[in-house]
> 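Starting off with a structure, shown below.
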2 protein chains.
Amino acid sequence: MTSVGGRRSGRARDERAERGIPEATVARLPVYLRALTALSDLDVATASSEDLAVSAGVNSAKLRKDLSYLGTYGTRGVGYDVNYLRYQIAREIGLTQDWPVVIVGIGNLGHALANYSGFASRGFRVAALLDSDRARVGEKVGELPISSLDDLEEIVRASSVSIGVIATPAAAAQDVCDQLVAAGVSSILNFAPALLAVPDHVDIRKVDLSIELQILAYHEQRKAAGLAEIKADAG
Amino acid sequence: MTSVGGRRSGRARDERAERGIPEATVARLPVYLRALTALSDLDVATASSEDLAVSAGVNSAKLRKDLSYLGTYGTRGVGYDVNYLRYQIAREIGLTQDWPVVIVGIGNLGHALANYSGFASRGFRVAALLDSDRARVGEKVGELPISSLDDLEEIVRASSVSIGVIATPAAAAQDVCDQLVAAGVSSILNFAPALLAVPDHVDIRKVDLSIELQILAYHEQRKAAGLAEIKADAG
DNA sequence: AAGAGTTTGTGAACGCGAGAACAAAATCGT
DNA sequence: ACGATTTTGTTCTCGCGTTCACAAACTCTT
Ligand SMILES: NC(=O)c1ccc[n+]([C@@H]2O[C@H](COP(=O)([O-])OP(=O)(O)OC[C@H]3O[C@@H](n4cnc5c(N)ncnc54)[C@H](O)[C@@H]3O)[C@@H](O)[C@H]2O)c1
Ligand SMILES: NC(=O)c1ccc[n+]([C@@H]2O[C@H](COP(=O)([O-])OP(=O)(O)OC[C@H]3O[C@@H](n4cnc5c(N)ncnc54)[C@H](O)[C@@H]3O)[C@@H](O)[C@H]2O)c1
């Protein structure tokens, strides 16, 4: 960072963030955060990029470059202050505030998600559980009762919910998605194996168990094929 | 020993596959497969790369390039035969055979996974449910009883299991992972928020709810910041 | 205070994947 | 038979992300 003239006073720090952090880096920040939390729990005060990289399972140069997008929080010859860096990353991701979340579709998976304690451990708070099945509405899951999907809009407004989780069957997913968007939700995590269309201002991410298994199967098959070939060549 | 000279006669077609398909492409093949299945259910016999690309939510040039790694299964001026292409992709991924899977850690999430019908719909068959909690062993979940983790090795051998799913708490994940690998499992899908070390010959993929939510939170925060700035500039 | 040792932050090289663009190959209409 | 039309397979270019490598900046020792 060779600054030639002056005039870099106030904005210098914001300049980086303003351009936006590369998507690949954003995806790794939570991993670093987890590694830092683990170190902090072990009362480690300072860690080098190499230490952190090992904890996070990445290359140390990549880690340093990733962190450089946030600012210069390290000290040359020393490393990073674990708690300070942890706070900075948490702030960058937005975990210094609370994120209310609604879960739609309280079946097998929805129940597991509703009972999941790992939600709250970061700043994600389950604000409501929603299902269209009238027979299920009112049933308690943990602390929370299941609400009717009809109340979605009111709940989203009342609790300022901006994140929604879809755990309905695939056939209902697009419809639920549209309702979430209409209610004002602008980030969606989708567990249903369906392609969802959303407006530009809405972010959507999917978790697809079936795809993950198929990717594993592909590589597994290749391993088996490789072995077979070796056998054939030997025989 | 691989001979240098001949013996490559019938192999010309395999040449493509032998080099391996790019990882990004492998990850999309299951998406194409799903799109093709949907079209097939609608009795669509033929589809152009553009049709397919729309169904799968990708760029059509990318789709064509992806498919070209498998072979030349399309017809210029016509498109792709839906069922034929579907079979070819399924074969490439390895879905023409059955993949027995063991699930370890039958708690909240493990129960949901055990009851999940989407597993069987592709060739993934749950061969066993395992838990270390003696109180849980014997309990039935759907059709299957929960087995003791002690029986892992025997189950893996008896059913030729090569894929394992970890749904234990993070603290137990590495230990469970090691046991899976020792038993002969060579592909692992990990739901625990932990970094797992495995030998080179073992493939591992992770599904991390917390990371997904944090990525959404980051973008959500940016949207909010953008709006705040506009307001401030206007005011 | 100066030299030896560490570790960061970043410039530069490289590789991979995305997408535009187009020639080749098939069908269709006349 | 042949030109117009459609659509594939592939080439080419561009941008992003990863990794290496190193000067700059800091600490520690003497
Ligand atoms: N169970 C798993 O382990 C698992 C794993 C990966 C993916 N998935 C996917 O997650 C989704 C849910 O799976 P599940 O096993 O929990 O299914 P499920 O059938 O047990 O639960 C679905 C729930 O959604 C509700 N629902 C249906 N239509 C709705 C609508 N329009 N609005 C609101 N709620 C509605 C149903 O009443 C039901 O409670 C499915 O798409 C499935 O493919 C499940
Ligand atoms: N519940 C969810 O929705 C959810 C979502 C995302 C991630 N996860 C992660 O999935 C994992 C499981 O979550 P959960 O909510 O089902 O937890 P849980 O506590 O309900 O279940 C954990 C199960 O693992 C078993 N177990 C513990 N140690 C074991 C060992 N050494 N060997 C075999 N089994 C063992 C326990 O007996 C228990 O049955 C956790 O790592 C969690 O972070 C859960």
Side-chain angles (χ1 to χ4, degrees), chain A residues 1-4 8 12-13 15-17 19-29 31-32 35-36 39 44-82 84-86 88-89 92 215, chain B residues 12-13 15-17 19-29 31-32 35-36 39 44-82 84-86 88-89 92 215 218:
Chain A
M1 263 278 291
T2 41
S3 72
V4 182
R8 263 186 166 286
R13 196 196 38 195
E15 200 86 4
R16 273 176 233 261
R19 293 277 171 200
I21 298 175
E23 201 49 40
T25 297
V26 171
R28 281 188 294 267
L29 290 180
V31 178
Y32 302 155
L36 285 164
L39 290 174
V44 175
T46 306
S48 69
S49 63
E50 185 58 34
D51 296 339
L52 276 174
V54 169
S55 295
V58 300
N59 177 296
S60 70
K62 178 153 61 176
L63 181 136
R64 286 199 300 278
K65 184 160 279 190
D66 283 342
L67 295 183
S68 77
Y69 290 114
L70 312 191
T72 62
Y73 296 131
T75 308
R76 296 176 189 221
V78 178
Y80 300 88
D81 180 290
V82 170
Y84 181 62
L85 181 58
R86 186 156 78 112
Q88 292 300 339
I89 293 180
E92 191 71 37
I215 294 171
Chain B
R13 194 198 40 197
E15 200 85 2
R16 268 178 237 263
R19 293 277 172 200
I21 297 174
E23 200 49 38
T25 296
V26 171
R28 281 188 296 268
L29 291 180
V31 178
Y32 301 155
L36 285 165
L39 290 175
V44 175
T46 307
S48 70
S49 63
E50 185 58 34
D51 296 339
L52 276 174
V54 170
S55 296
V58 301
N59 178 294
S60 69
K62 178 153 62 176
L63 181 136
R64 286 199 299 279
K65 186 179 277 187
D66 282 344
L67 294 183
S68 77
Y69 290 116
L70 313 190
T72 62
Y73 297 130
T75 308
R76 297 178 189 219
V78 179
Y80 300 88
D81 180 291
V82 170
Y84 181 60
L85 181 58
R86 186 156 78 112
Q88 292 300 339
I89 293 180
E92 192 70 38
I215 294 171
Y218 169 78

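Sequence lines set the chain letters: A, B, ... in the order given, protein chains first and strands last, and positions in each chain run from 1. Note that the structure is a prediction, hence the values are computed from the model and not measured. These numbers come from the heavy atoms of this one structure, side chains and all, not from hydrogens, waters or symmetry mates.
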> Between D:dC20 and A:Asn59, is there an OP1 or OP2 to side-chain N/O distance shorter than 4.0 Å?
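Checking A:Asn59 against D:dC20: at least one side-chain N or O falls below 4.0 Å of OP1 or OP2.
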> Take atom CZ of B:Arg64 and atom P of C:dA18, then tell me their distance rounded to the nearest Å.
14 Å
> When you check the phosphate oxygens OP1 and OP2 of C:dT7, does a side-chain N or O of A:Ser49 lie under 4.0 Å from one of them?
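The answer is no; no side-chain N or O of A:Ser49 sits under 4.0 Å from OP1 or OP2.
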> Given atom CD1 of B:Ile21 and atom P of C:dG17, what is their separation to the nearest angstrom?
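Nearest whole value for this atom pair: 12 Å.
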> What's the CG-P distance between B:Leu70 and D:dT10, to the nearest Å?
12 Å
> Between A:Asp51 (CG) and C:dT6 (P), how many Å, whole number?
14 Å
> Does a nitrogen or oxygen in the side chain of B:Arg28 sit under 4.0 Å from OP1 or OP2 of C:dA18?
yes
> Quick one: B:Asp81 CG to C:dA26 P, roughly how many Å, whole number?
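After rounding, the gap between these two atoms is 16 Å.
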> Rounding to a whole Å, what distance do you find between A:Tyr69:OH and D:dC16:P?
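Roughly 10 Å, once rounded to whole Å.
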> CD of B:Glu50 versus P of C:dG19: gap in Å, rounded?
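After rounding, the reported distance stands at 13 Å.
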> Mark yes or no for whether B:Ser55, through its side chain, and B:Asp51, through its backbone, hold a donor-acceptor pair below 3.5 Å.
yes
> Can you figure out which of D:dT8, C:dG17, C:dG9 approaches the side chain of B:Ala24 most closely?
C:dG17
> Start at the 5' end of DNA chain C and walk down; is the nucleotide closest to A:Lys65 or to A:Arg76 reached first?
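Between the two, 5'-proximity favours A:Arg76.
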> If we ignore angles and hydrogens, is there a donor and acceptor under 3.5 Å between the side chains of B:Asp66 and B:Thr25?
yes
> Roughly, in whole Å, what's the span from CG in B:Leu85 to C1' in D:dT8?
13 Å
> Return whichever of A:Asp66 or A:Gly77 has its heavy-atom-nearest nucleotide of DNA chain D closer to the 5' end.
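It is A:Asp66, whose closest nucleotide lies nearer the 5' terminus.
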> Between OH of B:Tyr32 and CD of B:Glu92, what distance do you get to the nearest 0.5 Å?
13.5 Å
> Minimum heavy-atom separation for B:Leu36 to B:Val82, with atom names?
O-CG1, 3.5 Å
> For A:Ile89 and A:Leu29, which heavy atoms make the closest approach, and how far apart are they?
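Looking at all heavy atoms of both residues, the closest pair is CG2-O, 3.9 Å.
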> Both B:Tyr80 and A:Pro22 contact DNA chain D. Taking the nearest nucleotide for each, which residue is further toward the 5' end?
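Final value for this comparison: B:Tyr80.
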